[in-house]
Amino acid sequence: MSNLRIGVPSKGRLSELAAEILKQAGLSFRRQERSLFARCGEMPIDITFLRTEDIPVLVAEGAIDMGLTGSDLLAESGADVIERLDLGVGKCKLALCVSEDGDIHEAAQLNGKRVATSFPNVTRKYLKAHNADVHMVELSGSVEVMIALGVADAIVDLVETGSTLAANRLKVLDEIGRYSTVLIQNRQRREGALADRVVRRLEGVVIARAYSLLEYNIPRTKLADAEKITPGFNSPTVNALEDPAWCAVRVMVRRSEVIEVMEKLEAVGAHAILETQINNCRL
Ligand SMILES: Nc1ncnc2c1ncn2[C@@H]1O[C@H](COP(=O)(O)OP(=O)(O)OP(=O)(O)O)[C@@H](O)[C@H]1O
Ligand SMILES: O=P(O)(O)OC[C@H]1O[C@H](OP(=O)(O)OP(=O)(O)O)[C@H](O)[C@@H]1O
Ligand SMILES: [Mg+2]
């Protein structure tokens, strides 16, 4: 069995995130200064540090067996790979954006006009579907200033919090797609069993990062109401308490919903509501 080769972003916002998630899955590595390669201690896996946008094509070409990259970059590259897992991080959307006080209110009005973007392929497909034949201004970054520079009438760029748009007095005219960080694999599935083990390990980490463990005590008469609030991943664990009129519930809840769920549980009479972080899991 030879080593499984995994591509990881060498810099940028996904690089630390990717290393952290791999480490949480027991695939830790130490990157030597300026080196492009590292070896995983625990498994026969070689890590290659690459530019995020190059990972889709390098996986498709078989230079690496798997890779962590943005699904937006995958869509833009058109690389023919298998998408194995959405890591639930690096979430963003690709949006058609125009001046806040401009007179463009729909994509069709861009016909014959200029659109600046770092995602020409995805943009061209979208605009064709909206009957707009445009002059594309292809850039590698800082796209949001192109309308102010008089280079474009609209831009297509990634939006996460919207602060860059606000800072440049731009608004979203239409959402083109929603993206996140994904684990992709070459279609030959070289070292397939090992690759499947990596997917399974990362699945556990992705779920653990997305969920908390909630424990609470509830009167038995209110258990049905509480279980409607916390149905759990499969179903909640219910244990008896010394007081037969009460029971203890343990259940997984999406981290993003925990605060609201706690308030609802309190409203139906739950006490001792505790949230615990999950480091890893196998469901
Ligand atoms: N606000 C965001 N801006 C850009 N990319 C984001 C954002 N939020 C999530 N991402 C994801 O990160 C990917 C960009 O990764 P990259 O390695 O290029 O990071 P970066 O910090 O943008 O680096 P660079 O400064 O070189 O552009 C995007 O393709 C997308 O999948
Ligand atoms: O909605 P926001 O939270 O403001 O994030 C969106 C901005 O972040 C990204 O730029 P980045 O920081 O990657 O710089 P770049 O354009 O040079 O890649 C993206 O290109 C947008 O400009
Ligand atoms: Mg960027």
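Heavy atoms only: backbone and side chains are in, while hydrogens, waters and symmetry mates are out. Start at 1 and go down the list; that is how both ligands and their atoms are numbered.
- Residue-ligand proximity, Gly70 to ligand 1, at heavy-atom distances under 4.0 Å covers atoms 31 (O).
- An N or O contact shorter than 3.5 Å links Asp157 to ligand 2 by distance.
- For Cys92, every heavy-atom contact with ligand 1 shorter than 4.0 Å involves the side chain, none the backbone.
- Within the listing of ligand 2, atoms 16 (O), 17 (O) sit less than 4.0 angstrom from a heavy atom of Ser142.
- Atoms of ligand 1 found under 4.0 Å from any heavy atom of Leu14 (numbered from 1 in listed order, with element): 12 (O), 13 (C).
- Electrostatic pairing of Arg84 and Glu203 does not count as a salt bridge here, judged by no charged N lying under 4.0 Å from a carboxylate O.
- Annotation: Ser180 places no N or O atom under 3.5 Å from an N or O atom of ligand 1; distance criterion only.
- Listed by chain and number, the hydrophobic cluster partners of Ile259 come to none, as no ILVMFWY side chain reaches under 4.5 Å of it.
- Judged by the shortest distance from any of its heavy atoms, Gly141 lies outside the 4.0 Å radius around the atoms of ligand 1.
- A donor-acceptor pair shorter than 3.5 Å can be found between the side chains of Arg190 and Ser2.
- Geometrically, Arg255 does not engage Tyr211 in a cation-pi contact defined by less than 6.0 Å to the ring centre and at most 45° from the axis.
- Considering both main-chain and side-chain atoms, Thr52 comes within under 3.5 Å of ligand 1 through a nitrogen or oxygen pair.
- The pair Arg13-Glu160 meets the salt-bridge criterion, with a side-chain N (NZ, NE, NH1 or NH2) lying under 4.0 Å from an Asp/Glu carboxylate O.
- Scanning Thr161, Thr164, Leu158 for the heavy atom closest to atom 3 (O) of ligand 2 points to Thr161.
- Residue Glu160 approaches ligand 1 through these ligand atoms, each under 4.0 Å from one of its heavy atoms: 1 (N), 2 (C), 7 (C), 8 (N).
- When each atom of ligand 1 is checked for a heavy atom of Leu73 under 4.0 Å away, the hits are 29 (O).
- Where the criterion is an N or O separation shorter than 3.5 Å, residue side chain and backbone included, Val159 fails it with respect to ligand 2.
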